[in-house]
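Basis for what follows: all heavy atoms, side chains included, without hydrogens, waters or symmetry-related copies. Each chain gets a letter, A, B and so on, in the order the sequences are listed, and its residues count up from 1.
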Amino acid sequence: MEKRYPEYQQLSLTTIADDILKFWDEEKIFEKSVTEKEGKDSFVFYEGPPSANGMPGIHHVISRTLKDLVCRYKTMRGYQVNRKGGWDTHGLPVELGVEKLLGITKEDIGKKISVEEYNATCRREVLKYKDKWDELTRKMGYWVDLKHPYITFENDYIETLWWCLRQLYDKDLLYESVSIQPYSPAAGTGLSSHELNQPGTYKDVKDTSVVAMFKAVRNQDSEFLFKDSTADIYYLAWTTTPWTLPSNLGLTVGEKIDYCLIETANPYTGDFVNIVVAQPLIGQYLKPEGEGQCFDQYKAGDKIVPWKVLKTFKGKDLEGLRYEQLLPSEANTLEKVQEITPGADPFKIITGDFVTTEDGTGIVHTAPAFGADDFKVGKSHNLGILTLVDKEGKFIDGVGEFSGRYVKDYKDEKDYVDVNVDIAVKLKLEGRAFRIEKYEHNYPHCWRTDKPVIYYPLEAWFIRTTAAKDRMIELNKTINWKPASTGTGRFGNWLENMVDWNLSRSRFWGTPLPVWRTEDGEEEICIGSKEELIVEIGKSIDKGFVALANRETKEAYILRMTKDLHKPYVDDIVLVSPNGKPMKRVPDLIDVWFDSGAMPYAQWHFPFENKETFKKNFPADFIAEGVDQTRGWFYTLHVLGALLFDSVAYKTVVSNGLVLDKNGNKMSKRLGNAVDPFVTLAELGPDATRWYLITNASPWDSLRFDVEGIKEVQRKLFGTLYNTYQFFALYANVDDFHNQHAEIPVSERPEMDRWILSSLNSLVDEVVKSFDDYEPTVAGRAIDTFVNDELSNWYVRLCRRRFWKPARTENGVVNAEDVKDKISAYQTLLECLVTVSKLMAPVAPFFADWLYKNLMDGTGAAQKPSVHLTDFPVANGLVIDKELEERMALAQDISSLILSLRKKVNIKVRQPLQKVIIPSLGADFERRLQSGIQIIKSETNIKEVELLPVDNDFIKKRAKANFKTLGKRLGARMKWAANEIQQLTNDKIDEAVNGQLLLNPDYEKAGEDPIYITGEDLELSTNEIPGYEVAIKGPLTVALDLELSDALKNEGYSRELVNRVQNLRKVHKLEITDKIVLIVEQKNGVKDIISGFNEYICAEILARQIDFVPELKDGEKIEVNDDILTVKIIKI
RNA sequence: AGAUCCGUAGCUCAGCCUGGUUAGAGCACUACACUGAUAAUGUAGGGGUCAGCAGUUCAAAUCUGCUCGGGUCUACCA
């Protein structure tokens, strides 16, 4: 017989993946899935560009699975989904990799190696692992266009970036300013915090710390502090970097922090002073024993210093008060400050939210030049800025005795004297230090020179994101975040606290900032296109700023200078200003995050090309990346979308969590717990891997990756589905079923079929809803449950006979009813399998296609060559019958209870039992039970199901309170009532069910309200049924009649015999269609039993007849119940 | 320091939005059974202070607050 449906020896998910991959390639299925949708609505997806200079890890598989499944799903829902791949190619990681490769440092660039050569190496190295990435992409089944990716280092890409920058520049959103950055005076360079995160840069060091005393100025505002005492008042502020004190311009306090004015003495000089310090920190500076002690006997140097709190107030009250400069000198006079920052108003107390009472005094010494917080708060409170230290790390002229001294030992001087100590000593002598001590803390060091870093103001270019802050917050509210909390929380919060975007990077391999400027800084130009640059160069040549080399034409020169828009070429370009002065490019490169944030525009080389394409593909309907991109890519996309187009850049964003190892540790190469995705895919197959990643945890939860989990998915889902298919194929091939019959209307199919179809359509409904809601985990789990619990373990198991029962008898009589039943079963199972293949296609694309193709091979009625080109199923509401699904659930529960009873009393299922009694739970229950009775009987091998009417007094009932209805009414009496109800007897229960029951008859005596309960306040169940074994689940009770009549015993015996013979057939490797003759050795009474069930037995074992012989020499022994029988089967 | 997610059985996770009776499932383990889907299946068993504390409520795994533990992000970083 021709086998229409392929049958397999065993399931090999890896073979399936290989075969299907080949099929996709050969038939160009991915291309077709896009081209076939030409003209349909598009679903816009952006691929976040990975950097190909590192190997892909398993965590890339999860985010890409997520992206892929959404795109596949939307394709099947009828959208055209273009997916352009991309590569992120600039930035520090690439540069560091190259430096390592070449064995050089940043300083060597331009010296040992030319910038040109260096950048060429970067360009080459950055796509080092591109092949590996492409391979992973293919093998995991991620459909994305790898043939036409956008690459951020290409000229066209950079040109769009320049266009974007020019737009921002024209809108006055691009500006240059000073910012505080980590700076290494020893190396003479700023450091990125990436560099600060190199191992070993943070070291524990002991520094001289000072609690300095800033003398309060008495005026109208501060009068409230002065009225209680005549002594001078000092604000105490702590610092671990005393060298910043001459640059002090303010003191910052916390608005809501409590501060105290305290009368005490300077511990070094013994002078009586009043100090101001945060209330929670008093204990750090003054001993409790000193509180309230008499001042008369105190002298300098005494261990216990007397003190007394004069006043307590909030930081807010201090705002605006003035103090005298701590270390005045020529260089830091008010005039000098105002010379540098006109209009500045320093030397006052301000408030800042970064102030804590963790350490220090609760008053923060603020030197805007040397701290990011200081700078920010200084700027907003107009303190001005003073930088009394130069770029070499030494004090500038005009700082008195400290001028010319290095603030840290940057030059490895033999006799270096710590200037910080000298400053402390000076303060101590002047009575301006309250405490001086060595303080050990963690401080960053330059990873090249090992010298301490300082924070230092440096020029940098910024995007004025804060200008559009409100709009960005508003736009963010329209974005569908998965999970929502990331949007409102992490991202929303980030937007609320937004600062301007520091674009500047002082590296070599990156997009150059296209700003040219005259030396005096008076004139500058921002170039917005290559064309514009060419024009400007032309002007410059005409002006004579460019000395053309021998015989080089103007055109050739321009071509040479613009063929690569990177360093060093752009730096060699000199342009001419409107006033005729030469302009050179500012040295900065831009943050690589700008590169990726601008991909919606740059991937199409907009606006220079593809204007229409861009319009159709902006904004994205959907993006997805790891949650670590929240403030990375998600942010930069959002910024540029908002600033350039006043639009969101994406409508839905899914942020997936991390992949941890099975012990919950972060995967890292160093720990050796990183999972190689290639190994996983090769060994376990992409489908199981993808399914596991998606269904094990919500994408945004972090996932503990364990290969055992994938194996479980293999076994449970794919194994079961494979078995189900095999089962179908086996019998469909036998019966030559290939969907050649007219479809039997669902209403005419048996209840079992209607049930699984209802369940299937309910599943479709749920899966569609979940995918639409970007909840693939819910969808996957639902499919899993359907396949295992409903389709395989219930439908197929219960319907097995329908498939292998012959539709015609041996002599060819066809029973029309049987035929129809069989066709119905095939049609039903086929529909389930085909539908499941489509439902699972987004998540398990290989297996789904394999299953689909096998089924279509059999039916020969393929709508499409691949499941991925089909339409996603749509639930047919008419087929969904929730009532039927409930009925089946009831039948399942009852069957399960009966099976557990059989187990309990040790009567195997093959032994028929006469009767099961089920107490009714009301009319509804009876109706629902009725249609399940047949199923229960055959599933549990029981002859009859007897329904016990509600009002019988045969069983003992048990009532439980319905907390939901009663709780609201009774309130505090609930506990009491629940207890009462539990003790109700049959007649009381009946009273309630039939009308109402007064629960507290003596309510009047107790002075209470009467409590009436009705049937709906009770949940009834059964306590016991005399003479029966009883099992209970919730309100449901079944009672099993255990009596075995001879007839039942004999029937059991026959069934047992059938089972043994079936085993023999299997052992002898008979085909399931082979006919046999059974020969049995005669033995006491056996013949009578067997003969009584002759027809049944023959039908089951496909025997033409059963012969009995007195003695069977070459027979086999089988055990039936307690008998040993000798039998023989002969194939005919 | 701030933000955010997570904490339920040995493990992986449901349940929480919308409070209600004895908190579920799978894996693993133990025992028994079943076997024409068989690398499957059924039944039973052990296994839980639902991280902790407090509050709201007749009633809290569920709502609120705080604390603890873990992860991630941010602190001008790619």
Peer 1: Take the protein atom CD of A:Q726 and the nucleotide atom P of B:U38, then report the distance between them rounded to whole Å.
Peer 2: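 After rounding, the gap between these two atoms is 7 Å.
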Peer 1: What distance, rounded to whole Å, do you find between the two C1' atoms, one in B:A31 and one in B:A23?
Peer 2: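 Each nucleotide's C1' atom is 26 Å from the other's.
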Peer 1: Between P on B:U38 and CZ on A:R797, what's the gap in Å once rounded to a whole number?
Peer 2: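 Between P of B:U38 and CZ of A:R797: 15 Å.
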Peer 1: For A:N476 and A:L495, which heavy atoms make the closest approach, and how far apart are they?
Peer 2: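 Scanning both residues completely, I find the closest heavy atoms to be CB-CD1, 3.7 Å.
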Peer 1: Can you tell me how far P of B:C77 sits from CZ of A:R507, to the nearest Å?
Peer 2: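 To the nearest whole Å, that distance equals 14 Å.
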Peer 1: Using atom types as modelled and distance alone, determine if a side-chain donor or acceptor of A:D595 lies under 3.5 Å from a backbone N or O of A:T152.
Peer 2: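 Flag not set: sc A:D595 to bb A:T152 has no pair under 3.5 Å.
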Peer 1: Which value, in whole Å, describes the distance between the P atoms of nucleotides B:U22 and B:C29?
Peer 2: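 These two P atoms come out 32 Å apart once rounded.
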Peer 1: Measure from the side chain of A:N723, starting at C-beta and using heavy atoms only, and say which of B:A14, B:U41, B:U38 lies closest.
Peer 2: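 From the listed options, B:U38 comes nearest.
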Peer 1: Could you work out the separation of B:C27 and B:A59 based on their P atoms and round it to a whole Å?
Peer 2: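 So the two P atoms sit 39 Å from each other.
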Peer 1: If I pick the P atom on B:G46 and the same atom on B:A40, what distance separates them, to the nearest angstrom?
Peer 2: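 Approximately 25 Å lies between the P atom of B:A40 and that of B:G46.
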Peer 1: Contact class for A:V796 (heavy atom, under 4.0 Å): base, sugar-phosphate, or nothing?
Peer 2: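 Touches a base.
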Peer 1: Between A:N793 (CG) and B:C34 (C1'), how many Å, whole number?
Peer 2: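 Result: 13 Å.
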Peer 1: Classify the ring geometry of A:Y731 against A:F803: parallel below 30°, tilted from 30° to 60°, perpendicular beyond 60°.
Peer 2: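 The rings of A:Y731 and A:F803 sit tilted, inter-plane angle from 30° to 60°.
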Peer 1: Per the atom types in the model, does the base of B:A37 pair as donor or acceptor with the side chain of A:S792 at under 3.5 Å?
Peer 2: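 Pair found.
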Peer 1: Taking the side chain of A:M974 as heavy atoms from C-beta outward, which of B:U41, B:C27, B:G20 is closest to it?
Peer 2: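 Ranking B:U41, B:C27, B:G20 by closest atom to the A:M974 side chain puts B:G20 first.
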Peer 1: Give the ring-plane orientation class for A:F594 versus A:W501, where under 30° counts as parallel, over 60° as perpendicular and anything between as tilted.
Peer 2: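 Correct class here is tilted.
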Peer 1: Within 45° of the ring axis of A:Y175 and under 6.0 Å from its six-membered ring centre, is that where the NZ or CZ of A:R464 lies?
Peer 2: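 Geometry flag: set, cation within 6.0 Å and 45°.
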Peer 1: If each of A:W794 and A:L966 is mapped to the nucleotide of RNA chain B with the nearest heavy atom, which maps nearer the 5' terminus, i.e. the 5' end?
Peer 2: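 Looking at RNA chain B, the more 5' nearest nucleotide goes with A:L966.
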Peer 1: From B:A37, B:C13, B:G26, pick the nucleotide closest to the side chain of A:R781?
Peer 2: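 My answer, after comparing the listed nucleotides, is B:C13.
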Peer 1: Is the ring pair A:W509/A:H90 parallel, tilted or perpendicular, if the boundaries are 30 and 60 degrees?
Peer 2: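 Correct class here is perpendicular.
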Peer 1: Tell me the interatomic distance from A:F728, atom CZ, to B:A40, atom P, rounded to whole angstroms.
Peer 2: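 Distance, rounded to whole Å: 24 Å.
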Peer 1: Looking at the side chain of A:E712, which of B:U12, B:G26, B:A37 is the nearest nucleotide?
Peer 2: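 Side chain of A:E712 sits closest to B:G26.
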Peer 1: If you measure from the P atom in B:G65 to the same atom in B:G24, how many Å do you get, rounded?
Peer 2: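 Approximately 29 Å lies between the P atom of B:G65 and that of B:G24.
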Peer 1: Please tell me which of A:W593 and A:T720 maps to the more 5' nucleotide of RNA chain B, matching each residue to the nucleotide holding its nearest heavy atom.
Peer 2: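 Nearer the 5' end of the strand: A:T720.
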Peer 1: Less than 4.0 Å between a side-chain N and a carboxylate O, is that true for A:R797 and A:E790?
Peer 2: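 Salt bridge flag = no for A:R797 with A:E790.
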Peer 1: Which whole number of Å gives the distance between the P atom of B:G70 and that of B:C63?
Peer 2: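 The answer is 24 Å between these two P atoms.
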Peer 1: Please give the distance between the C1' atoms of B:G19 and B:G15 as a whole number of Å.
Peer 2: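 Pairwise C1' distance, B:G19 against B:G15, rounds to 13 Å.
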Peer 1: Give a yes-or-no answer on whether the side chains of A:T720 and A:S792 include a donor-acceptor pair shorter than 3.5 Å.
Peer 2: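 The criterion, which ignores hydrogens and geometry beyond distance, is not satisfied for A:S792 and A:T720.
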Peer 1: Please state the C1' separation for the pair B:A61 and B:A14 - nearest whole angstrom.
Peer 2: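 Going atom to atom, C1' in each nucleotide, I get 12 Å.
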Peer 1: As a test of your reading of the structure, name each stem of RNA chain B as range with range, where a stem is three or more consecutive Watson-Crick or G-U pairs at under 3.5 Å.
Peer 2: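 Expected stems, ordered by start: B:1-7 with B:68-74, B:10-13 with B:24-27, B:29-33 with B:41-45, B:51-55 with B:63-67.
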Peer 1: On the 0 to 90° scale, with breaks at 30° and 60°, tag the A:F728-A:Y5 ring pair as parallel, tilted or perpendicular.
Peer 2: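 Perpendicular, since the angle between the ring planes exceeds 60°.
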Peer 1: Can you check the A:Y722 OH to B:A40 C1' distance for me, whole Å?
Peer 2: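 The distance from OH of A:Y722 to C1' of B:A40 comes to 12 Å, rounded to the nearest Å.
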Peer 1: Ignoring backbone atoms, test whether A:N696 places a side-chain nitrogen or oxygen under 4.0 Å from the OP1 or OP2 oxygen of B:C13.
Peer 2: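 Yes, because at least one side-chain N or O of A:N696 sits under 4.0 Å from OP1 or OP2 of B:C13.
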Peer 1: Measure from CG on A:N1059 to C1' on B:U38 and round the result to the nearest Å.
Peer 2: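 That distance rounds to 14 Å.
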Peer 1: Just the rounded figure in Å: distance from C1' of B:U38 to CZ of A:F718.
Peer 2: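 After rounding, the gap between these two atoms is 20 Å.
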